[in-house]
Amino acid sequence: MNYARIVGTGGYLPEKVLTNADLEQLIDTTADWIVERTGVEERHIAAPDETTCDLAEKASRLALQAAGLEPADIDLIILGTTTPDHVFPSVATQLQHRLGCYGGPAFDVQAVCTGFVYALDIANRFIRTDAAKRALVVGADTFTRIINWKDRGTCILFGDGAGAVVLEAADEPGIIDCQLGADGRYKKLLWVPAGVSSGYEQTREEAAFVEMRGSEVFKVAVTTLKDIAERILSAHQMTVADVDWLIPHQANRRILAATAKRLGLPEERMVDCVRTHGNTSAASVPLALDVAVRDGRIQRGQTLLLEGFGGGFTWGAALVKY
Ligand code: COA
């Protein structure tokens with residue numbers, strides 16, 4: 001049986017930085033309030049002419065470079081996003097075109113902030129069943145395009161970015177396991193009311209933007225991130241003591257801290273990019289992974305636990321031998 005191994009990571013954040021001091025000029029808030037409640041100090045914002053595919057391409061090229069591979073080596077592209085350039089075609093097909101590696105399957109996955117973990121699970125299954133040899137798995141979002149800049153409960157949290165990994169078939173794991181889940185009953189705690197089929201021309205202008213019941217999302221996120229970590233670890237007779245690095249969805253500093261505490265995992269073993277990235281939706285997990293690989297914290301042979309949580313709700317965990 002084949003396994004899938006991560007052989008390269010890449011990340012990209014747009015140039016423009018929006019600080020909490022900038023937000024003080026836009027909404028009724030203070031930099032101190034934002035830091036205390038969210039841990040976010042700044043976030044990156046895509047330029048007006050910069051799209052999700054632009055961010056994805058930059059992260060993907062860096063992941064390929066880190067893997068020592070050429071685009072032509074890739075035979076599968078799966079991309080998690082909620083903010084595609086167009087209704088169709090998918091960002092993945094346009095990324096394939098930019099890279100010039102034609103013919104293999106390429107498709108987007110919509111699981112909001114869990115998009116990357118969903119994409120990783122699917123790519124892992126392609127490789128394990130010999131349907132692909134080398135996959136590019138991307139999480140990319142220009143989430144600030146669907147943010148209502150008058151809503152102080154949401155605009156403080158989110159930023160734009162992209163992260164990518166290259167997976168390659170190998171004799172040993174690699175990806176040990178991925179476990180996904182969803183519960184559609186939570187739709188209205190975190191959603192964008194407008195849409196293709198339900199109509200963009202809603203009575204309220206704000207319907208085209210993210211609406212969130214923050215404190216309720218917070219509670220479900222913390223409980224879920226703890227539960228899915230314990231479930232995937234126990235399925236492999238492991239405990240948090242076996243995990244070198246926890247890489248959770250970078251939703252909010254307080255969610256990360258509460259998750260680590262409930263799991264009994266020292267915060268020093270958790271990758272936390274919330275301060276400078278904010279919540280970049282599907283990009284958050286691969287971006288954090290890439291940061292910790294490049295700064296030397298994550299070493300070959302270590303055990304990683306990746307966790308996603310997002311609108312839907314959706315969630316997922318991936319247990320990885322790096
Ligand atoms: N600046 C100042 N005050 C603000 C504010 C801001 N940016 N945003 C909200 N407030 C106010 C509220 O209006 C409220 O005032 P009130 O008591 O007078 O009504 C007060 O702060 C408390 O609001 P609440 O929503 O209970 O705050 P909170 O401690 O839950 O923090 C979030 C708000 C959004 C930071 C927090 O709920 C959160 O991060 N939730 C999770 C969101 C998330 O991660 N979503 C993505 C998941 S993928």
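Note that these values count all heavy atoms, side chains included, but never hydrogens, waters or copies made by symmetry. Numbering of ligands and ligand atoms starts at 1, following listing order.
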Atom indices of ligand 1, in the order listed, that fall short of 4.0 Å to a heavy atom of [X]:
X: Gly214; answer: 37 (O), 40 (N), 41 (C)
X: His249; answer: 48 (S)
X: Thr38; answer: 35 (C)
X: Arg254; answer: 29 (O)
X: Gly153; answer: 8 (N), 34 (C)
X: Met212; answer: 34 (C), 42 (C), 43 (C), 45 (N)
X: Ile255; answer: 41 (C), 44 (O)
X: Ile156; answer: 7 (N)

Under the 4.0 Å line, does any protein heavy atom show up next to [atom]?
atom: atom 40 (N) of ligand 1; value: yes
atom: atom 30 (O) of ligand 1; value: yes
atom: atom 16 (P) of ligand 1; value: no
atom: atom 23 (O) of ligand 1; value: no
atom: atom 20 (C) of ligand 1; value: no

Ligand 1 contact on [X] by region, counting heavy-atom pairs under 4.0 Å:
X: Asn279; answer: side chain
X: Thr154; answer: neither
X: Ser215; answer: both

Distance from Glu42 atom CD to Leu13 atom CG, nearest 0.5 Å?
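Here the interatomic distance stands at 10.0 Å.
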
Once rounded to the nearest 0.5 Å, what's the spacing between atom CG of Asp85 and atom OG1 of Thr142?
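If I round to the nearest 0.5 Å, the distance is 7.0 Å.
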
Give a yes or no on whether Arg300 atom CZ has more than 12 heavy-atom contacts from other residues, nucleotides or ligands under 6.0 Å away.
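Check passes, neighbour count above 12.
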
For [atom], which candidate among [options] holds the nearest heavy atom?
atom: atom 9 (C) of ligand 1; options: Phe309, Phe158, Phe143, Trp33; answer: Trp33
atom: atom 47 (C) of ligand 1; options: Val217, Thr114, Asp151; answer: Val217
atom: atom 6 (C) of ligand 1; options: Asp32, Leu23, Thr29; answer: Thr29

So is Ala221 touching ligand 1 or not, going by heavy atoms under 4.0 Å?
no

Quick one: do Arg98 and Asp54 make a salt bridge, cutoff under 4.0 Å?
yes

Does a side-chain heavy-atom distance below 4.5 Å link [X] with [Y]?
X: Met270; Y: Trp245; value: no
X: Thr259; Y: Glu307; value: yes
X: Asp290; Y: Arg294; value: yes
X: Ile255; Y: Phe309; value: no
X: Leu190; Y: Val112; value: no

Give the intermediate values and the outcome of side-chain hydrogen bond (donor to acceptor under 3.5 Å, both in side chains) for residues Asn252 and Thr38.
CA-CA 5 Å; Asn252 170 324; Thr38 73; 5.7 Å; no

Nearest-neighbour protein heavy atom for atom 28 (P) of ligand 1, which is reported as residue plus atom name and distance
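Atom 28 (P) of ligand 1 sits closest to the protein heavy atom Arg37 NH1, 3.5 Å.
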
Who's the nearest protein heavy-atom neighbour of atom 38 (C) of ligand 1, and how far?
Asn252 ND2, 3.5 Å

Consider only side-chain N and O atoms of [X] and [Y], and report whether a donor and an acceptor are under 3.5 Å apart.
X: Asp108; Y: Gln110; answer: no
X: Thr144; Y: Asp160; answer: yes
X: Asp22; Y: Thr19; answer: yes

From CA spacing to verdict: salt bridge (charged side-chain N to carboxylate O under 4.0 Å, His left out), Arg125, Asp121:
CA-CA 6 Å; Arg125 290 171 195 274; Asp121 187 13; 2.9 Å; yes

Within-cut-off N or O pair, Arg152 and ligand 1, under 3.5 Å:
yes

